[in-house]
Amino acid sequence: MSISEALATLSGGDLPADAVRENRCLKPPIGCGKPLISEDGTARVFWNEDEAGQYEAEWRITGLCPDCQDAVEDGEAEPASMWPTIRGFVAWLDDANGRVEGELALRIMKIGEEFGEAAQAYIGMTGQNPRKGVTHTAADVADELCDVAITALTALASVVDNPEAVFAANLGRVQQRVNELEARRG
């Protein structure tokens, strides 16, 4: 089962591409499942064209309607459900393959495979290969980058008991380095 198939299973079979094609938000538990334009023909009103364009661009990548996007940004949605989902992937892999040393190595190597797919999508988006031309979109690149992140977090949760704390500590460490660099520049 691929990462996309696993995500589809966890999300009830719904994927952002399905939501975009059907002009709606992702179905629960991730989104609200509502059409972008309500039955009475009304749509969300934006402050300006730039805001509308930004929401549309995000919807095309995430499959989340503006209200669900706002809920995530405002902290009303629970993005922390990421860790239970990641732990579910680990359990699924453990059930299928065990958690012996070789399996852990393969989970780490899978990150490289996913990175290769992200690089391929970016090359395809830029048309770098003149023989192939433009073969991918920014949404394809975003999907592949998400696969890299999900695979890396799954590997992390496979090798440590507290991936949330390890990730948070490392995120804080990197933020501290950025803050120090910015302070030196300022």
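Note: hydrogens, waters and symmetry copies are ignored here, and every other heavy atom, side chains too, is used.
In the hydrophobic clustering of this structure, Y122 groups with L145; members are Ile, Leu, Val, Met, Phe, Trp, Tyr whose side-chain heavy atoms approach within less than 4.5 Å, directly or through other members. Under the 4.5 Å side-chain contact rule for hydrophobic residues, L106 and W92 do not share a cluster. In terms of hydrophobic clustering, with Ile, Leu, Val, Met, Phe, Trp and Tyr side chains grouped at heavy-atom distances under 4.5 Å, M109 and F89 are assigned to different clusters. Residue W47 is not grouped with residue Y55 when hydrophobic side chains (ILVMFWY) are merged at heavy-atom distances under 4.5 angstrom, including chains of intermediate members.
Taking every heavy atom of both residues into account, A155 and I108 meet most closely at CB-CG1, 4.2 Å. Residue Q69 comes nearest to L64 through the heavy atom pair NE2-O, 2.6 Å, listed as atom of the first residue, atom of the second, then distance. Scanning both residues, C65 and C25, for their nearest heavy atoms gives N-SG, 3.2 Å. The shortest non-hydrogen separation linking L104 to V159 is CD2-CG1, 4.2 Å.
A distance of 9.5 Å separates CD of E113 from CG of D147, quoted to the nearest 0.5 Å. Taken from CD1 in I150 to NZ in K110, the straight-line distance is 11.5 Å, to the nearest 0.5 Å. Taken to the nearest 0.5 Å, the CE atom of M82 stands 6.5 Å off from the CD1 atom of I86. We find the OG-CZ distance between S158 and R99 to be 5.0 Å, quoted to the nearest 0.5 Å. Annotation: the span from D18 atom CG to R24 atom CZ amounts to 6.5 Å, rounded to 0.5 Å. Here the straight-line distance linking atom OG1 of T135 with atom CD of Q120 works out to 7.0 Å at 0.5 Å rounding.
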Under the criterion side chain to side chain donor-acceptor pair (under 3.5 Å), I'd like the reasoning laid out for Q54 against D50: C-alpha separation, chi angles, the key distance, then a yes or no. CA-CA 6 Å; Q54 180 65 31; D50 289 339; over 6 Å; no
Could you go step by step and tell me if D140 and T137 meet the side chain to side chain contact (heavy atoms under 4.5 Å, CB included) rule? CA-CA 5 Å; D140 295 328; T137 66; 3.3 Å; yes
Side chain to side chain contact (heavy atoms under 4.5 Å, CB included) evaluation trace for V174 with N170: CA-CA 6 Å; V174 172; N170 279 277; 5.6 Å; no
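A 4.5 Å side-chain heavy-atom check between H136 and T126 finds every atom pair outside the cut-off. Looking at E103 and D94, their side chains never come closer than 4.5 Å, going by heavy atoms from C-beta outward. Between R87 and P163 there is a side-chain heavy-atom pair separated by less than 4.5 Å. Residues W83 and L153 are in side-chain contact: their nearest non-hydrogen atoms beyond the backbone lie under 4.5 Å apart. Under the 4.5 Å side-chain criterion, counting only non-hydrogen atoms from C-beta, W59 is in contact with L36. Contact of the T42 side chain with the I37 side chain is not registered, since no non-hydrogen atoms from C-beta on lie closer than 4.5 Å.
Atom CD of Q128 has 12 or fewer neighbouring heavy atoms from other residues, nucleotides or ligands inside a 6.0 Å radius. The local environment of CD in E49 is sparse, with at most 12 non-hydrogen atoms from other residues, nucleotides or ligands closer than 6.0 Å. Environment of CD in E101: sparse, with no more than 12 heavy atoms of neighbouring residues, nucleotides or ligands closer than 6.0 Å. Counting heavy-atom neighbours within 6.0 Å of D161 CG, excluding the residue itself, gives a total of 12 or less.
Of the possible polar contacts, one joining the N48 side chain to the E51 backbone as a donor-acceptor pair under 3.5 Å is found.
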